Amino acid sequence: MSATTGAPQSEQSILATLEDSGDTAGATVLRLMMAAADAFSERGFHATTTRDIASRAGLSPAGVYVHFTSKEDLLFQLSRRGHQTARDQLVAAAGAAASPTEALRSIIAGFSRWHAEHHQLGRIVQYEFRHLTPEHRDTVLTLRKEIDQVVRGVLTDGVTRGDFEVDDVAGTALALLSMAVDVARWYSPEIRRTPEDIGRTNGDLAVRLVARR
């Protein structure tokens with residue numbers, strides 16, 4: 001469904017992510033990003049044209065360039081905002097936890113749930129990432145490193161306190177994040193498992209994987 005003909009749950013989730021990014025984007029900017037997300041998800045980055053994005057947003061092709069320099073810029077803004085929102089949620093979850101165990105369960109559950117609720121955006125970010133310019137890719141990679149550091153910090157804290165048994169903090173953090181990110185690949189609103197169920201399962205699994213035996 002296009003961004004101009006209605007808003008299924010996946011699109012509503014993307015819109016919430018874009019609005020929660022902390023930026024003061026106007027309605028037209030959000031509409032264009034929604035249209036781009038819709039088009040990239042349906043057709044892929046290369047097969048999507050600026051005219052297609054503009055049409056889905058109810059604008060002329062020239063209207064896109066008023067707000068974005070290119071369709072790659074649109075992809076970058078989607079990726080940046082999505083990563084910023086995910087990072088901020090992980091930081092908040094870790095900061096609110098009373099123990100490393102609670103923190104790890106909370107951040108992996110939340111990250112997994114986020115990739116189910118935002119599966120359309122998650123697929124775009126993961127599969128179209130290679131189409132970003134080197135400069136934009138570096139910006140997004142910095143955000144990914146910040147997300148990784150949140151998980152590494154919790155694992156290190158857990159090892160220091162004697163709660164976790166982890167020989168390779170960096171590798172374990174990568175594995176746990178990969179488990180959460182992969183949800184966007186296979187999740188569909190039609191399956192019986194809810195995002196909450198998936199988050200709870202992955203959060204519990206993360207704790208079991210690192211708990212001291």
Side-chain angles (χ1 to χ4, degrees), residues 1-89 111-144 147 180-191 193-195 198:
M1 184 179 296
S2 76
T4 59
T5 59
Q9 184 59 45
S10 60
E11 291 188 354
Q12 291 175 349
S13 297
I14 292 175
L15 182 58
T17 294
L18 300 180
E19 291 178 327
D20 288 344
S21 66
D23 295 335
T24 55
T28 301
V29 171
L30 289 174
R31 193 162 77 247
L32 279 167
M33 286 193 288
M34 284 294 301
D38 188 32
F40 293 154
S41 178
E42 180 182 328
R43 307 185 63 182
F45 178 80
H46 274 312
T48 296
T49 65
T50 304
R51 182 177 296 276
D52 184 26
I53 294 171
S55 176
R56 291 168 188 252
L59 299 171
S60 68
V64 175
Y65 296 107
V66 173
H67 304 282
F68 298 95
T69 59
S70 64
K71 70 173 183 178
E72 187 276 338
D73 188 28
L74 271 161
L75 175 63
F76 168 62
Q77 295 300 334
L78 286 168
S79 184
R80 180 180 64 83
R81 290 165 185 257
H83 278 87
Q84 284 178 336
T85 300
R87 177 204 60 194
D88 292 347
Q89 290 179 356
F111 206 45
S112 299
R113 185 176 62 249
W114 189 93
H115 278 85
E117 293 173 340
H118 305 82
H119 57 277
Q120 184 180 1
L121 180 58
R123 290 169 189 165
I124 294 168
V125 168
Q126 298 302 323
Y127 300 142
E128 308 297 344
F129 176 79
R130 66 188 183 279
H131 300 304
L132 293 175
T133 64
E135 180 181 2
H136 286 167
R137 192 180 302 120
D138 286 345
T139 298
V140 174
L141 283 173
T142 296
L143 290 169
R144 291 191 180 199
I147 290 172
V181 167
D182 192 54
V183 172
R185 177 185 60 81
W186 56 261
Y187 178 79
S188 169
E190 284 71 39
I191 68 174
R193 298 182 66 196
T194 67
I198 295 167

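The figures that follow rest on heavy atoms only: side chains count, while hydrogens, waters and symmetry mates do not. Bear in mind that the values here come from a model prediction, so they are computed numbers and not experimental data.
- Listed here is the closest heavy atom pair of Leu32 and Ala57: CD2-CB, 3.8 Å.
- Panel note: side chain His119, backbone Ala116; a donor-acceptor pair is recorded below 3.5 Å.
- Of the inter-residue distances, the one linking Glu128 atom CD with Leu78 atom CG reads 11.0 Å to the nearest 0.5 angstrom.
- Annotation: side chain of Leu75 is not in contact with side chain of Phe68 (no heavy-atom distance under 4.5 Å).
- In plain terms, the two heavy atoms of Ile147 and Ala86 that are nearest each other are CD1-CB, 4.4 Å.
- Judged by distance alone, the side chains of Glu190 and Ser188 do bring a donor and an acceptor atom under 3.5 Å apart.
- For the atom pair CE of Met33 and CD1 of Ile53, the computed distance is 12.0 Å after rounding to the nearest 0.5 Å.
- Remark: side-chain polar atoms of Lys71 are paired, donor with acceptor, to backbone N or O of Phe45 under 3.5 angstrom.
- Distance check: Ser79 OG to His131 NE2 gives 12.0 Å after rounding to the nearest 0.5 Å.
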For side-chain contact (heavy atoms from CB on, under 4.5 Å), just list the numbers for Ile191 and Trp186, CA-CA rounded to whole Å, side-chain angles, deciding distance to a tenth of an Å, and then say yes or no. CA-CA 10 Å; Ile191 68 174; Trp186 56 261; 3.8 Å; yes
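- Thr49 contributes atom OG1, which lies 6.0 Å from atom CZ of Arg43 (distance to the nearest 0.5 angstrom).
- Taking 4.5 Å as the limit, every side-chain heavy atom of Thr133 sits out of range of all side-chain heavy atoms of Phe76.
- Arg81 and Gln84 share no side-chain donor-acceptor pair at under 3.5 Å.
- Listed for the Thr48 side chain is a donor-acceptor partner under 3.5 Å among the backbone atoms of Ala39.
- Smallest separation of non-hydrogen atoms from Val125 and Arg144: O-NH2, 3.6 Å.
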Verdict with reasoning, Tyr65 to Thr50, per side-chain contact (heavy atoms from CB on, under 4.5 Å): CA-CA 9 Å; Tyr65 296 107; Thr50 304; 3.2 Å; yes
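- Closest non-hydrogen pair, Ala37 versus Gln120, comes out as O-NE2, 3.3 Å.
- A distance-only check finds a donor-acceptor pair linking the side chain of Arg137 to the backbone of Arg130 [under 3.5 Å].
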Evaluate the criterion side-chain contact (heavy atoms from CB on, under 4.5 Å) for residue pair Val181 and Phe111; output intermediate values, then yes/no. CA-CA 7 Å; Val181 167; Phe111 206 45; 3.7 Å; yes
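- Side-chain atoms of Arg51 never come within 3.5 Å of backbone atoms of Pro61 as a donor-acceptor pair (strictly under, hydrogens ignored).
- Partners of Glu72 by side-chain hydrogen bond (donor to acceptor under 3.5 Å, both in side chains), not counting sequence neighbours, listed by chain and number: His136.
- Under the 4.5 Å side-chain criterion, counting only non-hydrogen atoms from C-beta, Arg56 is in contact with Glu42.
- For the atom pair CZ of Arg193 and CD1 of Ile198, the computed distance is 5.0 Å after rounding to the nearest 0.5 Å.
- Separation of atoms CZ (Arg31) and CG (Asp38) is listed at 13.5 Å; rounding is to 0.5 Å.
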Run the numbers on Leu59 and Val64 for side-chain contact (heavy atoms from CB on, under 4.5 Å), then give the verdict. CA-CA 7 Å; Leu59 299 171; Val64 175; 5.5 Å; no
